[in-house]
Amino acid sequence: MKRLHHIVILTLTLLALNSCEYEFDVKSKAKPGLYAQCIVNAGNGTIQLKLDYASPAQGNTTEIPKLQNVTVNLRADGVTNFAFAGEIDHSIHGMHEGQLTFFNGKSMPAGSEIELSVKAEGLTSITSSCIAPANVQIDSIGHQIDSIMNMQMDIFNVYLAEQPVEGQYIAFKLEKRSWTADETCKNEIYTPIMGNATDTEIEIARISLIENQLIDETDDYGDVVTVVPAAAIKNKMITLPLLNFESMWPDDPDDEEEKVEYIKIDYKISAFGVDENFYRYSLANYRSRSDFMAMMGLAPANFAWSNIKGGFGVCGALSKIDEYVIE
């Protein structure tokens, strides 16, 4: 405990010394910039797009107007495939358009270059780019139940058709599906117990997605995916351990939901490739929530990441989603 106390004091002291090097003007006003999150699904030729202001750390945010005269252009391998022009009402927190057709609605070859440019009245124009990642194919899934420190674990071994190479990043999503007699399905998203935010060897990120694509930057981890680099996959296999909470707490007889009878239970594991931009942005967001020092408000600068030139956010891509179901 003393060691932790000393670390905190030292960190605060260094921050205080560092702040002495800069003149701080409380009357200064930071200019707003464009925030963009553009995630291209190279597997089916669709995009998820969100545009907004990057809120100033200083200044009067009530002066921020609507996003007006907005122009968005996306190019694939040098050819413009998608364009948008219009007005975005800031009161609805930016623009979020789902499943917009891109690349003529077809899958894009791995390595295709995607370029983004956005203009908005009164703001600096932004540009960015990313590369379409290779597809991922699940070969088979192994499932076993184990007990660790009196806790029941579901162990899923995911075998891929090919071993990813350095520079490839894979996202996995694990769902438990419970079926009733009338074929009603209850979906539960599970988060494997893997690594942590300060694990520098494999650097696993856990993020929540909107409609399987757009990165959710809130604390609502409803649709969680686990993103790993190629180094986390050995001999085409990765292990996804899952804590079985049902074995730890018995059913509540007064809970109407737990009285529902399920005739079949299966698990669906999804996997897809993501580009390095998607991975880096996801990792930075995950670290900002999960690292001990970050939770104390002392996150280092590299916990923020962006590949948007002239603004903030991310332009990234993911591959076709492959799914595998086991009972």
Side-chain angles (χ1 to χ4, degrees), residues 22 24-42 45-105 108 112-132 207-211 213-218 275 277-278 280-282 284-285 288 301 303-318:
Y22 303 94
F24 180 73
D25 184 1
V26 295
K27 296 181 180 181
S28 66
K29 292 186 178 181
K31 295 181 179 180
L34 265 177
Y35 168 86
Q37 189 181 138
C38 177
I39 307 298
V40 179
N41 188 328
T46 61
I47 65 172
Q48 292 273 17
L49 177 65
K50 178 179 180 181
L51 296 178
D52 207 344
Y53 282 98
S55 300
Q58 302 164 245
N60 186 357
T61 57
T62 60
E63 295 177 357
I64 298 177
K66 295 179 180 180
L67 285 176
Q68 296 182 344
N69 298 324
V70 177
T71 302
V72 180
N73 282 287
L74 274 174
R75 295 166 63 87
D77 290 334
V79 179
T80 300
N81 275 267
F82 171 79
F84 167 87
E87 181 177 306
I88 298 170
D89 187 350
H90 182 69
S91 65
I92 61 172
H93 198 66
M95 169 181 137
H96 172 207
E97 294 284 352
Q99 299 300 311
L100 300 174
T101 300
F102 179 64
F103 204 69
N104 296 323
M108 304 172 64
S112 295
E113 183 179 12
I114 302 159
E115 299 172 278
L116 168 71
S117 63
V118 182
K119 297 180 180 179
E121 185 177 316
L123 292 172
T124 302
S125 299
I126 62 174
T127 60
S128 190
S129 64
C130 60
I131 301 296
I207 56 167
S208 182
L209 299 182
I210 300 173
E211 297 182 11
Q213 273 184 251
L214 199 61
I215 299 172
D216 187 358
E217 297 178 348
T218 69
D275 78 315
N277 299 314
F278 186 103
R280 294 295 178 193
Y281 190 80
S282 303
N285 276 274
S288 69
F303 275 34
W305 193 92
S306 172
N307 70 328
I308 302 292
K309 296 178 181 179
F312 312 92
V314 64
C315 175
L318 54 90

Just do the side-chain contact (heavy atoms from CB on, under 4.5 Å) check on L51 and V72 with the steps written out, would you?
CA-CA 10 Å; L51 296 178; V72 180; 3.8 Å; yes
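- Without hydrogens or angle criteria, D77 side chain to E113 main chain gives a donor-acceptor distance under 3.5 Å.
- Residues forming a side-chain hydrogen bond (donor to acceptor under 3.5 Å, both in side chains) with S306 (at least two apart in sequence, or on another chain): none.
- The CG atom of D52 sits 11.0 Å away from atom CD of Q37, with the distance rounded to the nearest 0.5 Å.
- Expressed to the nearest 0.5 Å, how far CD1 of I215 lies from CD of Q48 amounts to 11.0 Å.
- Nearest heavy-atom pair across M108 and V40 is SD-CG1, 4.2 Å.
- Taking the six-membered ring where tryptophan is involved, the planes of Y281 and Y35 are tilted, since the angle between them lies from 30° to 60°.
- Atom CD1 of I114 and atom CD1 of I131 lie 7.5 Å apart (nearest 0.5 Å).
- Partners of E115 under the salt bridge (charged side-chain N to carboxylate O under 4.0 Å, His left out) rule, at least two apart in sequence or in another chain, are R75.
- Residues S128 and I308 share a closest heavy-atom pair of CB-CD1, 3.7 Å.
- G316 approaches D275 most closely through the heavy-atom pair CA-OD1, 3.4 Å.
- The two residues V314 and F278 make their nearest non-hydrogen contact at CG2-N, 4.5 Å.
- Interatomic distance, L116 CG to C130 SG, rounded to the nearest 0.5 Å: 8.5 Å.
- The main-chain N or O of C315 is found under 3.5 Å from a side-chain atom of N307 such that the two form a donor-acceptor pair.
- In this structure a side-chain-to-backbone donor-acceptor pair under 3.5 Å is missing from T46 to N41.
- Here the shortest heavy-atom pairing between A317 and A132 reads CB-CA, 4.3 Å.
- Atom OG of residue S282 and atom CH2 of residue W305 lie 9.5 Å apart, to the nearest 0.5 angstrom.
- Applying the side-chain contact (heavy atoms from CB on, under 4.5 Å) test to T124 and every residue at least two apart in sequence or in another chain returns nothing.
- With contacts defined as side-chain heavy-atom distances shorter than 4.5 Å, the pair T71/V118 does not qualify.
- Distance check: L214 CG to I39 CD1 gives 6.5 Å after rounding to the nearest 0.5 Å.
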